[in-house]
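Chain A is the first sequence line, chain B the second, and so forth, proteins listed ahead of strands; every chain is numbered from 1.
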Protein chains: 2
Amino acid sequence: MEFLKQLGEVAFGTRLRLLTDRFIQDGAKIYQKQNIDFEPRWFTMFYLLSQRSPLTITEITAELGYTQPAVTQIANILVKKGLVKVIKDKTDTRKRLLALSPKGLDMISELKPVWQGFENAVKDLFTETGFDMMFIISKLENALDEKDMYHRISEKIKQEQFDKIEILGYKPEYKDLFRDLNYEWLNKYFTIENEDKVLLLNPEEEIIAKGGEVIFASHKNNIVGTAALLKYRDDEYELAKMAVTEKVQGRQIGKKLAEEIIRLAKEKNAKVLFLETNAKLTAAMKLYKKLGFILTENHNSKYARSTIKMELKLN
Amino acid sequence: MEFLKQLGEVAFGTRLRLLTDRFIQDGAKIYQKQNIDFEPRWFTMFYLLSQRSPLTITEITAELGYTQPAVTQIANILVKKGLVKVIKDKTDTRKRLLALSPKGLDMISELKPVWQGFENAVKDLFTETGFDMMFIISKLENALDEKDMYHRISEKIKQEQFDKIEILGYKPEYKDLFRDLNYEWLNKYFTIENEDKVLLLNPEEEIIAKGGEVIFASHKNNIVGTAALLKYRDDEYELAKMAVTEKVQGRQIGKKLAEEIIRLAKEKNAKVLFLETNAKLTAAMKLYKKLGFILTENHNSKYARSTIKMELKLN
DNA sequence: TTAATATATATAAGCACTTATATAAATATA
DNA sequence: TATATTTATATAAGTGCTTATATATATTAA
């Protein structure tokens, strides 16, 4: 067990399981020792029926946190043991109404001391350790009700991946990647126009020399995305040629690239950053809106594919 | 789930189980979503081997808290999946030395982000709820290591039963019970002597009228035990005729009876309370010692069965 | 050096759940 | 009023452990 303790939070689930086992298995031993033909897993259902009855399988399922087949199984065992009786519902013949049988009712007085003993032992354990575990477990349940582990972990992984993306400045050896990454999406959704070729084949002359920038996103030492900042006028720049290779899409790489382009535009004292896109690129549109770009009046574009123009005011 | 919450401490085990399930099942979904062929239950073993290897099945079992067959099963799966390789130990051919295979080593980099995400999510959850759950679970584990639930519950039940035993004074309608309860153990271990009959058939004349007492223990409205205080001299009394019916033995009823006899003796200003018994009645001997009775020099007794005399000084 | 005992692992069967699916009856809809 | 949908329960199969036991090898004791 030393190893599990060293592991810390990653092994929390495992340790929780081991703790649960210790609680439940010891419960079984107690009934055996007291010579009572009863098992821990029957408890919640049996107790529920002692408090409120008759109840249908479905009603019991709603209370106990088990699945319906589990409730059916336990109910069948209790019926077989003669502790629970079944009454057919008259108005709805599908329903089985369950209630404690006379034998079951008799058993309560035998069981009560065990339950009381268990309760007292658990209370003592909590006093001994100095924690109000009932409160703590409720808190954990509520937190998981609000957001389950799946979503918590997913978010964390996304965050990690986002943090791991590095933004790099232009280097001559990336020149071909700038072209290839853009050709990938242009070929997929549209066609490559002449205006594209001018920029994509000559980024050094056509973009950087004219006061713009070309940046890249690196993930695990691979260049997986790119974007360009084009100078249009002294205080007006364009975000263009943004591309993320398909297999790493959905990891916020586009966001990171766009944020860097905005930062660079501000650095150059741009007042306006605009972009052109097509309405069918919904994921891109969503990102631009999130970053604060708003639609502007229609425009004349160099590109056939361009249907939408958006801009972001910088100050 | 409302019902489970109302139940409080008795349902702690059940709620712990449900909580564990939520942790483990969400873990499985994450691997699936990330397209990694891995399961939560492989984690501890896989991680252990990534830290320390090669290890035998037995060594792994010692670290993980699983049983040996569980470790064998998981190991077999990992071998089948090609993540773990087996090396035969040369000096002991029974041993299977396990280590990560090249494929397993490769997988680590894929798995690490998931583990990191899990760890961060769990840490966040604990921060959010405001409890240092790693510390709390350690405390609970330690408490259960010291004394497990079985012993905790047993003790509580014993205590409850002890508390529920009522001591009653003599009533004429109990006269036959006084005789029968004593005949039960006399017949079992010895034989009934004449001296016994004198007292057991005439408690009112032979015990109470002479300044002694006869008391009874009642459990669930049944008389299950008895004991007598016999006046021997003005300041010397005898504890005798103590009997507890067999099927409720082991519930401290004898102790409760003896304590009451001691109290009565003190009330009568006795200086010494003695008793006679037989060395083969080990349970009784143990009780007397616990109550403070000490062995005295040998003696002449009215009873053939008496081999031992003990006394308790009162003040 | 042989027999008894201990150790390492495997196998079998069981348990307490789960998910997926089937079946039958009740209810809603066209 | 027939048909589709929903609801209540049952059944089947799978999972991830457990306990009990078997088997093979190693170690210890006679």
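In this structure, CG of B/L55 is placed 11 Å from P of C/dT9, rounded to the nearest angstrom. Going from atom CZ of B/R15 over to atom C1' of C/dC17 covers 20 Å, rounded to whole Å. One atom, OH of A/Y66, and another, C1' of C/dT18, lie 13 Å apart when rounded to the nearest Å. We find that CD1 of A/I60 is positioned 13 Å from C1' of D/dA8, with the value rounded to whole Å. Rounded to an integer number of Å, the gap from B/N76 CG to D/dC17 C1' is 15 Å. Remark: P of C/dA25 and NZ of A/K88 are 9 Å apart, rounded to the nearest angstrom. When the P atom of D/dA8 is taken as reference, atom CG of A/D89 falls 11 Å away, rounded to whole Å. The CG atom of B/L97 sits 16 Å away from the P atom of D/dT25 (whole-angstrom rounding).
Ranking D/dC17, C/dA12, C/dC17 by closeness to the B/I74 side chain, first place goes to D/dC17. The listed nucleotides are D/dA20, C/dT18, D/dT9; the one nearest the side chain of B/P69 is D/dA20. If you check C/dC17, C/dA10, D/dT18 against the side chain of B/I57, the one that comes closest is C/dA10. Residue B/D92 places its side chain closer to D/dT25 than to any other of C/dC17, C/dT19, D/dT25. Closest to the side chain of B/T93, out of C/dC17, C/dT9, D/dA26, is D/dA26.
Between the side chain of A/R94 and the base of D/dA8 there is no donor-acceptor pair of N/O atoms closer than 3.5 Å. Judged by atom type and distance alone, B/R96 does not reach the base of C/dT9 through any side-chain donor-acceptor pair under 3.5 Å.
Counting only distance, with no hydrogens or angles, the side chain of A/E184 and the backbone of A/E246 share a donor-acceptor pair below 3.5 Å. Between the side chain of A/K164 and the backbone N or O of A/K220 there is no donor-acceptor pair closer than 3.5 Å.
With B/F43 as reference, B/W115 is the one residue of B/F23, B/W115, B/Y31 to meet the ring pair (Phe, Tyr, Trp, His ring centres under 6.0 Å) rule.
In this structure, A/Q68 reaches the bases: a heavy-atom distance under 4.0 Å links it to at least one base atom across the strands shown. Counting non-hydrogen atoms under 4.0 angstrom, A/T61 reaches nothing in the nucleic acid. Using a 4.0 Å heavy-atom cutoff across all strands shown, A/T67 reaches at least one base atom of the nucleic acid.
Phosphate contact (OP1/OP2 of C/dT11, side-chain N/O of B/T72, threshold under 4.0 Å): absent. A/T56 has no side-chain polar atom (N or O) that falls below the 4.0 Å cut-off from OP1 or OP2 of D/dA8. In this structure, A/R41 reaches the C/dA16 phosphate: one of its side-chain N or O atoms is under 4.0 Å from OP1 or OP2.
Each of A/Q25 and A/Q73 was assigned the nucleotide of DNA chain D with the nearest heavy atom; the assignment lying further toward the 5' end belongs to A/Q73. Mapped onto DNA chain C by nearest heavy atom, A/K90 and B/E59 fall at different nucleotides, with B/E59 at the one closer to the 5' end.
The closest side-chain donor-acceptor pair between A/E146 and A/N142, if any, does not fall under 3.5 angstrom.
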* Criterion ring pair (Phe, Tyr, Trp, His ring centres under 6.0 Å) on A/F38 and A/F46, from CA distance to verdict -> CA-CA 10 Å; A/F38 201 83; A/F46 189 90; 5.2 Å; yes
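Two rings, from B/F131 and A/F131, have their centers 6.0 Å or more apart.
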